[in-house]
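Below is one structure; the comments refer to it alone.
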Amino acid sequence: MPELPEVETTRRGIEPHIARKRITKMVVRERRLRWPIPKALEAQLAGQTVDSVERRGKYLLLRINTGSLIVHLGMSGSLRVLEPGTQQPLKKHDHVELVFDDDTVLRYHDPRRFGCILWQEDPVSGHPLIESLGPEPLSADFNARLLFARSRGRKAPIKTFIMDSKVVVGVGNIYANEALFFAGINPQRAAGKVSLARYEKLVECIKRVLARAIEVGGTTLRDFTGSDGKPGYFAQSLQVYGRAEQPCNHCKAPLKEIRLGQRSTVYCTRCQR
DNA sequence: AGTATCTCCTGCGTGC
DNA sequence: TGCACGCAGGAGATAC
């Protein structure tokens with residue numbers, strides 16, 4: 001399940017293979033993603049050159065002359081680079097391909113089709129999906145003062161609050177669980193009742209967890225692989241996510257699982273208050 | 001404005 | 001082996 005570290009892993013994996021290359025054609029086999037892939041996109045992209053691959057939150061942005069291809073991997077999406085000369089049989093749910101002039105292929109695979117591929121003319125910040133996004137978690141703009149100020153009066157659980165992409169982008173369910181464990185905060189605590197000092201700790205933990213996950217290539221649960229098809233190694237570092245009933249790595253008390261906003265939430269009732 | 005609920009979709013694990 | 005079922009979940013849409 002791609003979260004920010006997985007998306008960044010993907011970005012780093014594909015950029016060197018497609019930047020400054022010309023798109024020969026776009027092949028769409030299944031247009032029905034979260035929103036239909038725009039009908040005119042194939043004609044629009046043919047002959048264009050990808051300048052760079054950037055990321056905003058969990059959105060990948062393929063910069064192309066006058067605009068950007070906005071790609072979201074949803075729950076189950078992945079992008080794979082097929083280098084010139086390599087053959088990879090087409091699998092079920094391989095919905096889209098970008099073919100480049102040196103025969104490199106960028107292949108989009110998404111069984112659940114929660115992802116999207118959209119076009120936005122410059123500037124990308126004008127796109128409704130992008131413009132309402134909060135700061136990048138690894139930037140200096142994401143800090144305790146901001147979280148503290150924005151959370152005053154909010155009754156929503158702290159976990160739901162930090163997963164709100166208008167507050168901060170890229171903190172999905174796995175990393176929200178993990179960061180709250182390291183920060184020692186009960187995920188059910190009302191966001192508006194968390195002190196500035198605890199937000200300082202939490203911000204530090206979110207940054208650390210995300211940075212570490214990027215370093216090791218993301219978290220592979222079931223089927224996430226990077227653009228080279230290799231798994232990420234963060235799964236073995238998980239402290240709470242997916243470990244309900246198992247002993248807390250800190251105090252050995254069994255971890256508790258609850259649901260917050262329809263999301264699986266695992267925490268230690270002793271270490272997280 | 002904030003909050004809760006619904007929705008999209010397929011693959012996987014479970015129980016019979 | 002096969003079926004029905006429940007569950008997972010990013011995040012926009014919708015309703016209050």
Side-chain angles (χ1 to χ4, degrees), chain A residues 1-11 29-37 55-61 70-79 90-96 108-118 120 127-137 147-179 187-194 206 210 213 218-225 231-232 234-235 238 240-245 257-266:
Chain A
M1 44 196 75
E3 294 200 23
L4 187 143
E6 291 74 39
V7 177
E8 178 62 18
T9 296
T10 300
R11 190 197 70 75
R29 300 192 176 82
E30 174 57 81
R31 204 168 283 282
R32 295 171 303 167
L33 301 185
R34 170 147 200 201
W35 297 283
I37 296 172
R55 179 187 58 73
R56 180 72 177 93
K58 297 178 190 172
Y59 292 95
L60 285 169
L61 307 171
I70 299 176
V71 179
H72 197 289
L73 301 176
M75 272 298 302
S76 57
S78 59
L79 282 169
L90 212 53
K91 287 188 294 196
K92 197 178 176 185
H93 309 303
D94 282 344
H95 303 314
V96 178
Y108 178 85
H109 176 88
D110 187 1
R112 268 167 268 189
R113 294 199 266 121
F114 277 20
C116 66
I117 298 181
L118 300 169
Q120 168 68 16
H127 197 283
L129 291 174
I130 307 288
E131 79 180 340
S132 61
L133 295 179
E136 286 289 325
L147 280 192
F148 183 75
R150 291 212 50 183
S151 63
R152 291 311 90 183
R154 298 278 291 257
K155 291 176 182 163
I158 180 74
K159 174 163 177 269
T160 307
F161 180 68
I162 59 171
M163 286 177 68
D164 182 346
S165 63
K166 292 179 198 64
V167 173
V168 55
V169 296
V171 183
N173 196 39
I174 297 176
Y175 300 109
N177 277 298
E178 295 301 301
Q188 299 172 97
R189 180 171 290 277
K193 300 263 174 155
V194 174
I206 289 172
L210 291 176
T219 302
T220 292
L221 296 170
R222 298 196 180 91
D223 56 2
F224 172 81
T225 58
F234 197 72
L238 295 176
V240 289
Y241 182 85
R243 296 194 63 240
E245 309 306 324
E257 176 161 24
I258 59 171
R259 302 197 71 78
L260 288 179
Q262 332 288 86
R263 297 292 173 270
S264 163
T265 302
V266 186

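Numbered from 1 within each chain, the chains take letters A, B, ... in sequence-line order.
Taking the side-chain contact (heavy atoms from CB on, under 4.5 Å) definition, one finds that A:R113 meets it with A:E30, A:R32, A:L33, A:H95, sequence neighbours left out. Take A:R11 and apply the side-chain hydrogen bond (donor to acceptor under 3.5 Å, both in side chains) test, not counting sequence neighbours, and it matches A:E8. Every side-chain hydrogen bond (donor to acceptor under 3.5 Å, both in side chains) that A:H109 has, sequence neighbours left out, goes to A:D94. Residues that satisfy the salt bridge (Lys or Arg N to Asp or Glu O under 4.0 Å) test with A:R152, not counting sequence neighbours, are absent from this structure. Residues passing the side-chain contact (heavy atoms from CB on, under 4.5 Å) test with A:R31, sequence neighbours excluded: A:V28, A:I37, A:K39, A:E42. With sequence neighbours excluded, the residues that form a side-chain hydrogen bond (donor to acceptor under 3.5 Å, both in side chains) with A:K159 are A:N173, A:T265. Looking at residues two or more places apart in sequence or on another chain, you find a side-chain contact (heavy atoms from CB on, under 4.5 Å) between A:P157 and A:T160, A:L260.
OP1 and OP2 of C:dG10 both lie 4.0 Å or more from every side-chain N or O belonging to A:Y175. Under 4.0 angstrom from either OP1 or OP2 of C:dA8 there lies no side-chain N or O belonging to A:R112. A:H72 has a side-chain polar atom (N or O) that falls below the 4.0 Å cut-off from OP1 or OP2 of C:dA11. Of the side-chain N and O atoms in A:R259, one or more sit less than 4.0 angstrom from OP1 or OP2 of C:dA8.
Between the side chains of A:N177 and A:Y175, no donor-acceptor pair is found at a separation under 3.5 Å.
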Requested in this report: Take A:S76 and A:F114, measure what side-chain contact (heavy atoms from CB on, under 4.5 Å) needs, and give me the verdict at the end.
Outcome: CA-CA 7 Å; A:S76 57; A:F114 277 20; 5.7 Å; no

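One atom, CG of A:L73, and another, C1' of B:dC9, lie 15 Å apart when rounded to the nearest Å. When the P atom of C:dC7 is taken as reference, atom CD1 of A:I258 falls 17 Å away, rounded to whole Å. For the pair A:R152 CZ and B:dA1 C1', the computed distance is 17 Å after rounding to whole Å. Spacing between atom CG of A:D110 and atom P of B:dC9 amounts to 12 Å, rounded to whole angstrom units. If you take CD of A:E257 and C1' of C:dC7, they are 11 Å apart, rounded to a whole angstrom. In this structure, A:I70 atom CD1 and C:dG10 atom C1' are separated by 16 Å, rounded to whole Å. Rounded to whole angstrom, the span from the CZ atom of A:R34 across to the P atom of C:dA13 amounts to 7 Å. Rounded to whole Å, atom C1' of C:dG12 lies 16 Å from atom CE of A:M75.
Applying a 4.0 Å cut-off to non-hydrogen atoms, the residues of residues 154-173 of chain A that approach DNA chain C are A:M163, A:N173, listed by residue number.
In this structure, the helix from B:dG2-C:dC16 to B:dC16-C:dG2 shows an angle of 40° between the axis at its start and the axis at its end, each fitted on 5 base pairs and rounded to 10°.
Comparing A:G261 and A:R150 against DNA chain B, the residue whose closest nucleotide sits nearer the 5' end is A:R150.
The shortest non-hydrogen separation linking A:V71 to A:Y108 is CG1-CE1, 4.1 Å.
Using a 5.5 Å limit on the distance between ring centres and a 30° limit on the angle between planes, the aromatic ring of A:F114 counts as stacked on the six-membered base ring of C:dG10.
In the interface, the side chain of A:R263 is paired with the base of C:dG10 through a donor and an acceptor atom under 3.5 Å apart.
With C:dG12, B:dG11, B:dC9 as the candidates, the nucleotide lying closest to the side chain of A:W35 is C:dG12.
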